[in-house]
Amino acid sequence: MSVLAHKWVSSGALKGQAAFAKARVVVSLHGIMGQGRNWMTAARQLVKRQPDHKVLLIDLRGHGANATIAGPHTVAAAARDVAATVAHACGPDA
C-alpha cells in the first residue's frame, strides 16, 4: 500500500483552511493508459460550477508521477493505494 502522488483542484471560493476542509470531495481516477492530470480540465470545470467542491486527482501505481512504484500492479493493490491516498489527503475518516 502506497500513498500516491496526487493534486487538489479547488475554486477560489475555498478561502482558508477551514473552508477547504469542509468542501465536498470528488476523487478522480484515470484510465489504464492515463494519469491524474488527464482530468484537470474536467476538474476545473466542476469546481467552477460547484465551488463548494474540491477534486483529488490521483496518479495510479505505474502511471504519471508514480511510474516507478514497484508492483504488484493489480486492481487490489490499486484499491489499497487509493484508500491510503484518500485517507492521507482527506483524513482517516474520509
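Numbering of residues begins at 1 and proceeds along the displayed sequence.
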Nearest-0.5 Å distance that lies between atom [atom1] in [X] and atom [atom2] in [Y]:
X     : Y     : atom1 : atom2 : answer
Leu56 : Ser10 : CG    : OG    : 11.5 Å
His63 : Arg37 : NE2   : CZ    : 14.0 Å
Arg61 : Asp81 : CZ    : CG    : 4.0 Å

Non-hydrogen side-chain atoms of [X] and [Y] separated by less than 4.5 Å:
X     : Y     : result
Ile58 : Leu29 : yes
Asn38 : Leu57 : no
His88 : His6  : yes

Shortest non-hydrogen separation from [X] to [Y] and the atoms involved:
X     : Y     : value
Thr85 : Leu4  : OG1-N, 2.8 Å
Ser11 : Pro51 : OG-O, 3.1 Å
Pro72 : Ala77 : O-CB, 3.4 Å
Leu14 : Ala23 : CD1-CB, 3.7 Å

Can any side-chain N or O of [X] pair as donor or acceptor with the backbone N or O of [Y] at less than 3.5 Å?
X     : Y     : answer
His30 : Trp39 : no
Asn66 : Asp59 : yes
Lys54 : Trp8  : no

Linking Ile, Leu, Val, Met, Phe, Trp and Tyr by side-chain heavy atoms under 4.5 Å, what else ends up with Ile32?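 Ile32 shares its hydrophobic cluster with Met33.
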Treating Ile, Leu, Val, Met, Phe, Trp and Tyr as nodes and any side-chain heavy-atom pair under 4.5 angstrom as an edge, say whether [X] and [Y] lie in one connected cluster.
X     : Y     : value
Val55 : Val3  : no
Leu60 : Val25 : yes
Val82 : Val26 : no

